Every structure is written in C-alpha cells, then in structure tokens.
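Just the heavy atoms: all of them, side chains too, but no hydrogens, waters or symmetry mates, feed the values below. Model, not experiment: these values are computed from the prediction.
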Amino acid sequence: MTFETKSLQVFQEALTQLNASFNYLPKLDQSVDLTAIRPVMLEVAKRMENNYPYHHPMYAGQMLKPPTEIARLAYMLSLWLNPNNHDLDGGKASSAMEKEAVAELAGIFGWTTHLGHLCSGGTMANLEGLWIARNLHPTKKIVASAQAHYAHARISGVLRIPFLSIECDSRARMDINVLQRLLQEEEIGTVVVSMGTTATGSVDPLPQILELQAQYGFRIHADAAYGGYFSLTDNLDPETRAAFDCLNKVDSLVIDPHKHGLQPYGCGCILFKDPSVGRFYKHDSPYTYFSSDELHLGEISLECSRAGASAVALWATQKLLPLIRGGTFASSLSKSREAALALFDKLKSDRRFIVAFRPQLDIVFWAVKSGSASESSRLAREIFKRSNEQNLHLALASMPRKLFAATEGEIINWDQDYVVCLRSALMKPEHLDWVDHIWHSLDAVTTDALSAARATPLQHIHDATLDA
Ligand SMILES: *Cc1c(COP(=O)(O)O)cnc(C)c1O
C-alpha cells in the first residue's frame with residue numbers, strides 16, 4: 001500500500017458538518033444507486049492502474065508533485081457545492097477564500113498591494129501577464145530567453161505581439177549581453193524573466209535585468225510558474241537568492257500552485273504589482289450579475305467559469321502550511337533542493353556521467369560520457385529505457401552543446417550540436433530520503449546499459465522523439 005487514506009476519516013466529519021449547515025432547507029431526498037455505481041468505480045480503479053507518472057518518489061522524471069492530503073480533502077469537500085469563482089454569485093465563500101489565498105501568494109514576494117487571481121495554470125497566467133503588457137505597449141516587442149517556456153512564443157503569436165528569443169549563457173540563463181544589445185537595437189516593451197526554467201531550473205539574472213530596466217525602461221514579467229515558491233527556501237546559492245530577493249520589483253508575476261504549491265492540476269496564479277491594470281479587464285456583460293460593490297474576480301480574469309474548488313484547496317493548504325520562511329512548507333521545499341544537490345554530487349563524482357552545472361533549484365540533468373554526442377544520446381536513451389523497466393522513472397531532455405562549455409573535452413566529438421541528457425525533477429518532499437535508492441538503481445542500470453553497448457555496435461539513431 002502506498003496511498004495515504006487515513007485522512008478520509010476527517011473528510012467524513014467535515015462533510016457531515018457542511019451537510020448539517022443546510023438543514024434549514026426543506027428536506028431533499030438524495031438517493032444513490034450504489035449497485036450501479038460500484039462496478040463503474042471499480043472499473044475506473046482498474047483503468048487507472050497503470051497510470052504514469054505516479055506519486056511514488058521512484059518516479060523522478062518529469063515535473064509531478066501530488067497534492068497534499070488537505071488539498072485533496074478540501075477540493076473534494078467543495079464539490080458537493082461546486083462553486084464557480086467566475087463571480088461572487090457563483091461562489092461567495094470560495095471567492096473570498098481565493099482573495100485571501102492570492103494575497104498570501106503575493107505576500108511571498110513582499111507585495112502588500114497587488115491585483116491577481118487564480119487561473120487554470122501557468123499558460124493562462126502568462127497569457128494574462130503578456131496581454132496586459134501588450135495593452136500598455138501595443139507596438140513594442142516581447143523578449144524571453146531561448147530556455148524560457150515555449151508558451152511565451154505561442155502566447156505572443158496569439159496576442160499578435162512580435163516576439164524575440166534571446167540566447168542563453170552556458171548555464172541556461174538569459175545572456176545579459178545579448179539582451180543589452182537588443183535593447184539598443186529594438187523597441188522592446190516587455191522582458192520575460194524565467195525564475196526557474198522548466199528544463200533545468202535555471203534562474204535568469206534578475207538584478208542585472210533590473211539595472212537595464214532603469215536605463216532602457218521596459219516591463220518585467222517574471223515567469224516564476226515553477227520556481228516562485230523557492231523564494232521561501234533557506235538553501236539557495238547566493239546568486240540565486242539575490243535574484244529571488246528582487247522579485248518584488250517586477251511588474252507582473254506567474255506562480256503555479258499546481259507545480260510546487262501541493263495543489264491538484266488546474267491552479268495557476270497571475271499577480272500584478274499595480275492594481276490599476278484591472279482597467280483593461282473592464283467589460284459590460286448583460287448576463288453577469290452584480291450583487292455587490294465588491295470586486296468580482298470575474299471582472300479581473302480572462303477566464304469566466306473557474307473551479308472554486310481550486311481556491312478552497314489552496315486556502316486550506318496555506319492555512320495548514322503557511323507560506324512563511326522557516327515554516328513546514330518552506331523546509332519541505334528546501335529538502336527538494338537538497339535532494340537535487342545530493343544527486344548532483346553523486347553524478348559529479350562518477351566518471352560515467354557529465355554534469356554541466358550545479359542546479360539552481362531542484363532539477364538535475366546529466367549526460368553520459370561517451371566518444372560522441374550522438375553515442376552519448378543513444379546511451380542516455382538506453383539508460384532511460386532500462387531504468388523505466390526497473391521502476392525508476394527518469395526523463396530525457398535534449399540540451400544544447402553550449403551548456404557543456406565548461407566541460408568541453410569530456411564529450412570528445414560533438415558530431416551534433418545537442419546531446420540527449422537524463423533529467424530528474426526532484427519535486428517530492430520524499431525525494432531526499434530516496435536519493436540513495438534512486439542512485440543505487442541508476443548505478444546498476446548504467447552498468448548494464450554500458451556493458452550491453454560495448455557488446456553491440458553503434459546503430460544509427462534519430463533523435464526525433466523526446467518526451468520532455
Ligand atoms: C509549467 C510552466 C509553465 C506552463 O504552465 P502550465 O501550468 O503547465 O500551463 C510556464 N512556465 C514555466 C517556467 C513552467 O515551468
């Protein structure tokens with residue numbers, strides 16, 4: 001048994017209490033046909049059997065962090081009402097909970113005033129951030145680093161804003177010199193700063209970007225969908241800490257509670273420092289009801305119907321695990337980073353692997369040492385496949401040659417300008433306790449893969465199918 005189920009006892013009690021609060025209404029007979037439901041539910045359990053990825057820490061591949069117990073329970077409890085946070089009439093209590101929870105998220109960055117709301121995820125949140133940016137600078141360009149989430153280029157296309165991609169340095173961060181040159185040559189309205197890239201967790205040099213902002217004047221939109229919560233941790237390297245410490249100076253910011261905030265999928269958040277940007281959301285719909293003078297979340301959101309359940313789950317999680325430095329939530333996030341550093345150290349001292357640079361957050365990637373980039377890529381795929389078979393799940397990611405600048409010579413022949421690497425996002429609080437286990441398994445699988453490779457001659461492989 002690997003699932004937590006004890007918390008369902010508290011759930012029953014909370015459901016009974018909520019149920020009783022509606023006792024003033026005329027009795028309603030809600031019968032349920034359990035004999036019909038049962039076989040379907042058991043079939044659902046059967047269908048979900050081989051779902052992958054999953055909650056266990058030996059799944060250490062792509063980004064996945066299961067919701068915490070209280071998030072699951074609070075989300076489920078609210079489903080008996082199914083609030084819609086589109087407006088106050090859709091979910092009075094859950095809208096109030098959203099405002100409080102969002103204010104707490106803004107508090108991570110020291111913002112006492114803000115405008116913001118939850119949305120379906122980081123993509124939607126970034127869309128809103130860039131939509132406001134376009135409203136403020138209708139003719140100017142948007143730039144983001146080549147390692148920024150691919151959503152930014154697509155969103156700019158949707159919004160019809162010209163988009164430029166900026167080269168990265170050897171640690172997958174925006175190259176500040178290239179940004180400066182572009183600022184001299186182009187009309188740039190907004191710089192998207194990645195606070196933890198999806199591939200490597202690299203953090204763009206925000207302090208230097210702010211210096212350029214003072215000189216050139218542009219909006220800064222921070223994509224902290226993945227990394228935002230790391231502001232609360234106590235074990236970032238000084239340079240990374242310095243970048244997070246000036247997040248309060250950006251104009252808009254995205255943070256994804258469904259990435260590192262222990263929430264079920266369907267929970268992103270957009271925050272604006274200047275609440276007056278709310279004017280761009282203004283609409284005059286005849287079918288939205290206005291029951292009070294209070295701010296409607298539907299008036300400051302591009303999405304209309306939204307799951308009030310997400311707000312209820314987030315509110316409950318933050319009540320139990322407040323977003324404060326030194327708190328339980330923060331220390332569990334620090335453990336993810338510690339896990340990444342522990343794995344990094346093991347990889348670094350193993351002659352079979354090449355690590356390009358020390359992780360800035362909790363994502364580690366590594367190449368397999370080999371005579372050529374293509375052979376290294378082939379071995380990475382082989383280790384990926386074999387470790388899956390041993391129930392150790394890693395991810396694959398194609399990384400540009402540039403990231404290995406500091407390790408030049410380790411891959412003797414760069415016969416292609418990228419190398420397929422193994423990658424691990426160690427997001428789960430349990431990962432730290434499982435690093436030795438993960439390493440043990442990786443070690444054994446690598447030994448087998450390398451000896452098998454020596455026995456079979458290199459075949460021609462196309463690197464077209466990556467799952468990252
Ligand atoms: C995940 C992610 C996104 C996209 O967010 P979704 O919640 O998947 O829509 C955007 N930016 C970064 C840096 C991310 O890690």
Side-chain angles (χ1 to χ4, degrees), residues 102 104-119 121-134 136-137 142-153 155-156 161 163 165-166 168 172-176 179 183 188-214 216-233 236 239-261 268-275 277 323 360-361:
V102 169
E104 286 163 11
L105 286 172
I108 299 180
F109 312 103
W111 286 358
T112 46
T113 60
H114 70 279
L115 187 85
H117 60 86
L118 300 179
C119 53
T123 307
M124 193 64 206
N126 277 308
L127 174 77
E128 295 203 24
L130 297 188
W131 176 65
I132 292 293
R134 195 203 59 178
L136 288 163
H137 298 298
I142 286 186
V143 297
S145 91
Q147 287 285 325
H149 199 277
Y150 61 82
H152 296 288
I155 291 167
S156 301
I161 328 171
F163 175 87
S165 173
I166 297 187
C168 283
R173 303 168 306 175
M174 180 182 286
D175 187 324
I176 197 80
L179 173 62
L183 287 165
I188 290 170
T190 303
V191 176
V192 175
V193 178
S194 299
M195 298 300 288
T197 60
T198 315
T200 65
S202 295
V203 176
D204 285 346
L206 184 55
Q208 289 91 312
I209 295 171
L210 281 160
E211 280 171 28
L212 291 176
Q213 185 190 37
Y216 294 92
F218 48 80
R219 259 182 96 72
I220 297 182
H221 172 74
D223 183 356
Y226 187 75
Y229 286 100
F230 281 92
S231 273
L232 296 169
T233 58
L236 297 175
E239 191 185 36
T240 314
R241 179 81 259 166
F244 276 97
D245 282 349
C246 43
L247 262 179
N248 62 330
K249 301 197 177 75
V250 306
D251 299 288
S252 52
L253 192 155
V254 166
I255 180 167
D256 255 4
H258 72 199
K259 285 268 175 73
H260 255 307
C269 181
I270 173 72
L271 295 166
F272 298 99
K273 186 160 68 182
D274 173 10
V277 298
L323 301 175
Q360 281 187 275
L361 301 180

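Between M195 and V254, the closest side-chain pair of non-hydrogen atoms is not below 4.5 Å. Put simply, the side chain of L236 reaches to within 4.5 Å of the side chain of L361, judged on heavy atoms. Within the 4.5 Å cutoff, side-chain heavy atoms of V192 are placed close to those of L130. Contact check for Y150 versus T198: no side-chain heavy atoms found under the 4.5 Å cut-off. At least one side-chain heavy atom of L206 sits under 4.5 Å from a side-chain heavy atom of I220. Between Q213 and D251 there is a side-chain heavy-atom pair separated by less than 4.5 Å. Under the 4.5 Å side-chain criterion, counting only non-hydrogen atoms from C-beta, D223 is in contact with H152.
More than 12 heavy atoms of other residues, nucleotides or ligands sit less than 6.0 Å from atom OH of Y216.
For D274, there are no salt bridge (Lys or Arg N to Asp or Glu O under 4.0 Å) partners, not counting sequence neighbours. Under the rule for a side chain to side chain donor-acceptor pair (under 3.5 Å), the partners of E128 that lie at least two apart in sequence or sit in another chain are H117, Y281. Under the ring-ring contact (aromatic ring centres under 6.0 Å, His included) criterion, Y226 pairs with H260, not counting sequence neighbours. For Y229, the ring-ring contact (aromatic ring centres under 6.0 Å, His included) criterion is met by F329, not counting sequence neighbours. Residues passing the salt bridge (Lys or Arg N to Asp or Glu O under 4.0 Å) test with E239, sequence neighbours excluded: R171, R173.
A donor-acceptor distance shorter than 3.5 angstrom exists from the side chain of D256 to the backbone of G122, with no hydrogens or angles considered. When atom types are taken as modelled, the side chain of R241 and the backbone of S231 share a donor-acceptor pair closer than 3.5 angstrom. Under a 3.5 Å cut-off, the side chain of T197 and the backbone N or O of S202 do form a donor-acceptor pair.
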Run H221 and I142 through side-chain contact (heavy atoms from CB on, under 4.5 Å) and show every step you take.
CA-CA 10 Å; H221 172 74; I142 286 186; over 6 Å; no
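Here the closest heavy-atom approach between residue Q147 and residue C168 is recorded as CG-SG, 3.5 Å. For the residue pair K249 and K273, the shortest heavy atom distance occurs at O-NZ, 3.2 Å. Between C269 and L118, the closest heavy-atom pair is CB-CD2, 4.0 Å. Across all their heavy atoms, L253 and A224 have their closest contact at CD2-CB, 4.3 Å. For the residue pair I209 and L179, the shortest heavy atom distance occurs at CG1-CD2, 4.0 Å. The two residues S252 and F272 have their closest heavy-atom pair at CB-CD2, 3.6 Å.
Between I155 atom CD1 and F163 atom CZ the span is 9.5 Å, to the nearest 0.5 Å. For the atom pair CD1 (I270) and CG (L105), the distance works out to 12.0 Å, reported to the nearest 0.5 Å. Here the straight-line distance linking atom CZ of R219 with atom CG of L136 works out to 5.0 Å at 0.5 Å rounding. One distance of note links CD1 of I176 with CE of M174; it measures 7.5 Å at 0.5 Å rounding.
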Distance-only check: which donor-acceptor pairs under 3.5 Å involve side-chain atoms of residues 106-115, not counting sequence neighbours?
unit_1	atom_1	unit_2	atom_2	d
W111	NE1	N248	O	2.8

